[in-house]
Amino acid sequence: MTRTVKRAVSLALFVAFASLASVSRADEGMWLFNAAPIDKIKSDYGVELSQELLDHLQKSSLKFANSGSASFVSSKGLIMTNHHVGLSTVASLSTKEKNYVQTGFKANSYEEELKCPGLKLVMLVKMEDVTDQVEAATKDAQSLEEADAARAAIFKKLSDDGKKASGLRCDVVTFYHGAKYQLYYYKEFTDVRLVFTPEESVGFFGGDPDNFEYPRYNLDLTFFRAYENDKPYEPEHFLKWSEAGAKDGEFTLVSGHPARTNRLNTVADLMYQRDVYYPHMMYKYHRREVMFQVFGSRNEENARRVATDLFKIQNSRKNRGGILQGLQTPELMQRKIDAENELRKQTADQEPWVKLENAVNEWAGYFVAYDLLESGEAFYSPTVARARALVRYITEAAKPDAERNSAYQGAALEDRRKDLDSAINAPDKDVEILRLGDSLAMLYELSRPVDGGRALGDVTLCDDSFAAIFGGLSPKARATQIVMNTQIADKAFRDALVEGGLEKLAECDDPAIKLAQAVEPYASELRERAAKYEETRRQEYAKIAKARFAAYGEKDAPDATFTLRLTYGKVCGYKEDDGTEIPFETYIQGALDHAREHDRVDPYDLAQSWFDAEEDNRAPLASPINFVTNHDIIGGNSGSPCVNKDGEVVGLIFDGNIQSLVLNFIFDEVQARAVLVHSKGIRDAVRDIYQMPQLADELGK
């Protein structure tokens with residue numbers, strides 16, 4: 001059965017939060033694998049997790065280098081993730097003649113699998129506590145700058161030493177806002193190939209209207225394969241497959257890489273995000289969404305070329321919009337205020353909260369300028385990004401080593417030099433002009449005239465700098481001039497500039513270089529301010545975290561940091577505000593019905609392959625396709641495997657409902673739900689609709 005979701009989101013969130021007072025948040029937490037709440041799980045669910053199972057799940061799990069989660073699901077290196085996680089890779093493999101995003105792709109042999117240049121996945125091999133080493137290295141620092149430099153130095157030493165000893169990539173990860181540090185050892189996979197992905201109208205069925213909603217009917221699924229020495233990689237650990245799949249009320253585990261949560265943030269920090277950060281992000285996403293929609297509406301080829309960008313923007317816009325509405329809900333903020341007041345009553349030292357409030361209030365005046373000028377959101381162009389990297393490299397290289405930014409000191413300088421020649425994924429020139437022109441226009445619109453220049457909050461661009469950025473042209477004309485006339489893509493040009501240093505740079509009249517030179521002084525100052533702000537946050541949040549430990553112990557999991565986490569919960573439906581019961585699962589038949597109810601018009605134009613399968617009586621109409629759980633998940637968990645108590649795959653995380661978006665700040669198991677693809681639906685669709693029995697049989701074997 002399908003329905004149209006009709007509700008005022010803010011009211012729904014308010015009702016959900018109001019009802020939480022009497023509900024035990026038993027399943028809260030994105031737990032580290034070496035600190036899993038084994039006793040609590042046994043007490044709450046009667047399930048005893050073995051260390052062997054946890055290690056197996058950890059080493060079966062993967063992370064996409066830039067976004068999303070995945071897992072090994074066969075002894076031949078088969079990797080399962082979401083259609084939307086793999087979408088940019090599939091788009092990069094597509095052409096006008098072979099649009100795999102639109103048509104889908106399936107390889108019936110190893111030889112047919114497509115190499116994915118630039119795609120990298122990593123597997124967490126082990127974790128090592130290095131808190132004592134980091135604290136020892138920073139304890140004698142006399143300033144925020146010294147502490148930041150000392151921390152960067154010990155991070156690099158620990159990472160380098162770990163890599164030298166193990167041959168693995170090593171990263172120092174910060175937890176509890178600096179109260180704890182761990183060294184993570186990763187195995188990297190750089191030869192990854194596409195095996196199967198459904199049509200976009202299947203993987204993202206329902207499009208933006210159904211995004212973050214439930215019921216859903218999506219096969220949001222893509223399979224890749226890892227290779228080593230040009231042969232399918234044979235992992236020691238991979239996940240078995242559950243034939244029956246998820247059952248109502250069943251205990252389940254999710255292993256994935258949630259991006260960022262802010263549950264330990266102060267009230268002042270949350271108010272900044274509510275009043276400054278998220279409104280700015282929403283403004284940016286809205287204008288870019290309209291830009292891509294208008295460009296794509298001109299013809300089918302335009303639509304294809306910006307489809308991935310548009311999807312990312314729409315997903316981000318709806319996600320951030322839901323978070324913002326949660327922050328604007330008085331009940332949520334009051335709960336955070338009450339919790340903070342309770343902790344402060346038990347803490348003698350109030351200075352951390354005062355310092356953080358002062359720091360965040362000051363940063364609020366610089367954030368928009370930082371986002372536009374340093375982060376480069378005013379220059380939405382890989383061409384300009386490379387020009388800025390080149391100017392920054394030459395500027396830093398001209399300084400004595402001790403005076404350089406830490407990212408350019410010592411051996412790191414050579415790494416930055418190599419970065420200048422790394423491949424970039426540049427769009428077609430007309431698309432890049434579109435993006436750069438719109439972002440320059442955003443810079444113009446958000447800056448206000450003041451004496452001697454134009455101001456972005458507490459940062460003022462002098463008239464000469466502003467003129468140099470725009471070159472005396474309109475935003476669109478300036479974007480066209482830069483993209484069509486720059487030589488930045490020419491390695492010989494870049495090498496000559498590097499060799500000539502500051503003198504050659506000063507003489508260069510390349511339009512992209514000129515823009516980068518105009519921006520760099522402001523970007524450099526903003527980097528310094530950001531470093532001071534982050535160091536203040538790091539130090540004061542570490543003190544608050546320690547105060548929390550003293551008051552409550554380590555019963556709370558650390559905030560998510562896009563590192564591997566374990567969450568637990570159960571398969572369960574929920575009740576809407578009007579009392580409507582939402583069942584825990586949907587069926588493949590429902591996808592066909594949902595398409596017909598919307599006259600199969602975009603975004604409900606379910607692929608013809610599904611209707612052909614129905615007509616041929618091979619569609620598994622009774623098979624479940626999606627279901628929901630009360631797992632504590634957030635962005636980054638997309639592609640996470642969901643397993644039963646025996647470690648067998650029962651589902652694949654691909655979304656959350658609208659009520660789940662506030663999990664960034666606070667947990668709710670009343671209505672917040674993770675949305676998953678059902679393991680039975682995956683296997684049945686692959687075998688019967690897509691007629692790939694060999695792939696269906698490989699799952700879990």
Side-chain angles (χ1 to χ4, degrees), residues 10 13-31 144 174-180 258-279 320 322-365 367 533-561 632 634 659-670 672:
S10 58
L13 292 168
F14 181 88
V15 173
F17 294 136
S19 63
L20 283 173
S22 61
V23 176
S24 171
R25 294 183 290 278
D27 298 341
E28 180 175 2
M30 301 172 185
W31 301 93
L144 295 179
T174 304
F175 298 110
Y176 296 106
H177 292 281
K180 285 194 171 185
R260 295 282 173 185
T261 55
N262 299 279
R263 295 182 188 173
L264 303 183
N265 283 23
T266 64
V267 171
D269 208 337
L270 293 178
M271 288 181 174
Y272 150 73
Q273 294 188 54
R274 179 193 66 191
D275 300 333
V276 178
Y277 176 81
Y278 281 106
R320 271 57 167 191
I323 293 172
L324 180 58
Q325 291 190 57
L327 286 175
Q328 292 169 341
T329 303
E331 176 67 15
L332 182 150
M333 196 59 71
Q334 190 58 53
R335 282 177 56 189
K336 302 299 287 189
I337 291 170
D338 292 345
E340 183 172 296
N341 288 340
E342 182 60 32
L343 177 59
R344 293 182 71 169
K345 285 178 186 178
Q346 302 180 59
T347 308
D349 185 9
Q350 299 293 301
E351 192 174 39
W353 283 275
V354 175
K355 283 187 174 180
L356 281 168
E357 183 171 3
N358 291 337
V360 78
N361 287 341
E362 180 181 357
W363 178 246
F367 166 69
Y533 173 59
E534 288 303 322
E535 184 57 34
T536 298
R537 285 170 57 85
R538 190 179 292 114
Q539 293 194 11
E540 302 312 318
Y541 269 121
K543 295 173 186 176
I544 291 175
K546 290 176 181 178
R548 185 183 296 274
F549 290 150
Y552 308 123
E554 295 189 44
K555 68 176 184 178
D556 294 333
D559 268 325
T561 54
D632 194 356
I634 198 71
Q659 294 95 327
S660 74
L661 294 179
V662 292
L663 294 181
N664 191 26
F665 302 103
I666 197 165
F667 182 67
D668 162 33
E669 62 181 7
V670 176

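These numbers were taken from a predicted model, which means no experiment stands behind them.
Counting only distance, with no hydrogens or angles, the side chain of R260 and the backbone of D559 share no donor-acceptor pair below 3.5 Å. With hydrogens and angles ignored, the 3.5 Å screen pairs no side-chain donor or acceptor of E28 with any backbone N or O of D632. For the pair Y176 (side chain) and K546 (backbone), a donor-acceptor distance under 3.5 Å is absent. Between the side chain of E340 and the backbone N or O of V267, at least one donor-acceptor pair lies under 3.5 Å.
Across all non-hydrogen atoms, the minimal contact from L332 to I666 is CD1-CG2, 3.7 Å. Of all heavy-atom pairs between S660 and A672, the closest is CA-CB, 3.7 Å.
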- request: Give the intermediate values and the outcome of side chain to side chain contact (heavy atoms under 4.5 Å, CB included) for residues N265 and Q273.
  value: CA-CA 10 Å; N265 283 23; Q273 294 188 54; 3.2 Å; yes

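With no hydrogens or angles considered, a side-chain donor-acceptor pair links Q350 and R344 at under 3.5 Å. Between the side chains of N358 and E362, no donor-acceptor pair of N or O atoms lies under 3.5 Å.
Rounding to the nearest 0.5 Å places CG of D556 at 9.5 Å from CZ of R263. Atom-to-atom distance recorded for Q539:CD and K355:NZ is 7.5 Å, nearest 0.5 angstrom. From K336, atom NZ reaches atom CG of D338 across 11.5 Å, with rounding to the nearest 0.5 Å. In this structure, the separation between OG1 on T329 and CZ on F665 is 11.0 Å, given to the nearest 0.5 Å. Here the CG atom belonging to L270 is positioned 9.5 Å from the CD1 atom belonging to I337, to the nearest 0.5 angstrom.
For the pair K543 and D349, the salt-bridge criterion is not met [side-chain N within less than 4.0 Å of a carboxylate O]. With respect to the salt-bridge test (charged N to carboxylate O, under 4.0 angstrom), the residues R537 and D269 qualify.
Between Y272 and Y277, the ring planes are tilted. Angles from 30° to 60° get that label.
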